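Here's the structure, in structure tokens; my notes come after.
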Amino acid sequence: MQSQSLPLEPDSNPVRIVIAAVQSSFRELLRRQVESDPRVQVVGDTSDTRTAHALTWRLKPDILLIESALNREFSMLNSSGRSSSGMVAGIVVIIETPRIQDIVEAFGLGARGIVLRTSLPLVWRTGIQTILAGQYWVEDKSIARMVW
């Protein structure tokens with residue numbers, strides 16, 4: 001898969017991302033991966049759902065990159081109060097393994113994209129670009145065919 005550039009001009013504002021993942025080492029890895037592109041900026045990260053909700057509400061990032069288990073809780077917070085619309089342009093859910101039920105659940109909870117935990121940085125960039133263009137995105141095309 002070839003890398004595609006993000007839909008941003010070099011001097012435009014960076015794509016702003018909040019990361020929500022339980023393990024600090026994984027959050028740091030994600031930060032390094034997405035910030036390897038100078039047009040991307042991580043504006044916040046957290047290991048818990050309530051803080052993720054507060055960060056997205058306050059910072060209004062372009063993308064919320066969130067682990068699957070946290071996304072379930074994040075969705076419950078939204079259903080009991082504020083909607084995620086207007087909070088974040090797109091939610092990308094990180095899943096451990098490509099199981100159809102996890103993918104369907106993530107989209108059902110409001111995700112715009114799905115990515116495997118083991119993905120390479122080039123794949124992340126393609127997903128971000130697709131979501132910012134207003135489309136849905138699944139990293140693995142064979143999985144996407146099963147869903148659609």
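Just so it is clear, the model here is predicted, and its values are computed rather than measured.
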Test side chain to side chain contact (heavy atoms under 4.5 Å, CB included) applied to Leu132 and Ile63, step by step = CA-CA 8 Å; Leu132 291 177; Ile63 301 286; 4.2 Å; yes
task = Let me see the working for Leu30 and Ile94 under side chain to side chain contact (heavy atoms under 4.5 Å, CB included), right down to the final yes or no.
result = CA-CA 11 Å; Leu30 290 175; Ile94 304 162; 3.7 Å; yes
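By the 4.5 Å heavy-atom criterion applied to side chains, Val18 and Val43 are counted as neighbours.
To the nearest 0.5 Å, atoms CG (Asn71) and CD1 (Ile66) are separated by 5.0 Å. For the atom pair CG of Leu64 and CZ of Phe74, the computed distance is 5.0 Å after rounding to the nearest 0.5 Å. Atoms CD1 and CD1, from Ile131 and Ile91 in turn, are 10.0 Å apart once rounded to the nearest 0.5 Å. Of the inter-residue distances, the one linking His53 atom NE2 with Thr46 atom OG1 reads 13.0 Å to the nearest 0.5 angstrom. Note that the CZ atom of Arg31 and the CD atom of Gln41 stand 9.0 Å from one another [nearest 0.5 Å]. In this structure, CG on Leu59 lies 13.0 Å from CD1 on Ile17, to the nearest 0.5 angstrom.
Nearest heavy atoms, Thr49 versus Glu73: OG1-OE1, 2.7 Å.
Taking the charged nitrogens against the carboxylate oxygens, Asp37 and Arg39 do have a contact shorter than 4.0 Å, which makes a salt bridge.
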Mind listing the side-chain donor-acceptor pairs of residues 102-117 below 3.5 Å, one per line with the distance, residues two or more places apart or on another chain?
from: Asp102; atom 1: OD1; to: Arg99; atom 2: NH2; distance (Å): 3.1
from: Asp102; atom 1: OD2; to: Arg99; atom 2: NE; distance (Å): 2.9
from: Asp102; atom 1: OD2; to: Arg99; atom 2: NH2; distance (Å): 3.2
from: Glu105; atom 1: OE1; to: Arg72; atom 2: NE; distance (Å): 2.7
from: Glu105; atom 1: OE1; to: Arg72; atom 2: NH2; distance (Å): 3.1
from: Glu105; atom 1: OE2; to: Arg72; atom 2: NE; distance (Å): 3.0
from: Arg112; atom 1: NH1; to: Tyr136; atom 2: OH; distance (Å): 3.3
from: Arg112; atom 1: NH2; to: Gly134; atom 2: O; distance (Å): 2.5
from: Arg117; atom 1: NH1; to: Glu67; atom 2: OE2; distance (Å): 2.6
from: Arg117; atom 1: NH2; to: Gln23; atom 2: OE1; distance (Å): 2.7

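When the side-chain hydrogen bond (donor to acceptor under 3.5 Å, both in side chains) test is applied to Arg16, no partner is found at least two apart in sequence or on another chain. Checked against side-chain hydrogen bond (donor to acceptor under 3.5 Å, both in side chains), Ser47 has no partners two or more places apart in sequence or in another chain.
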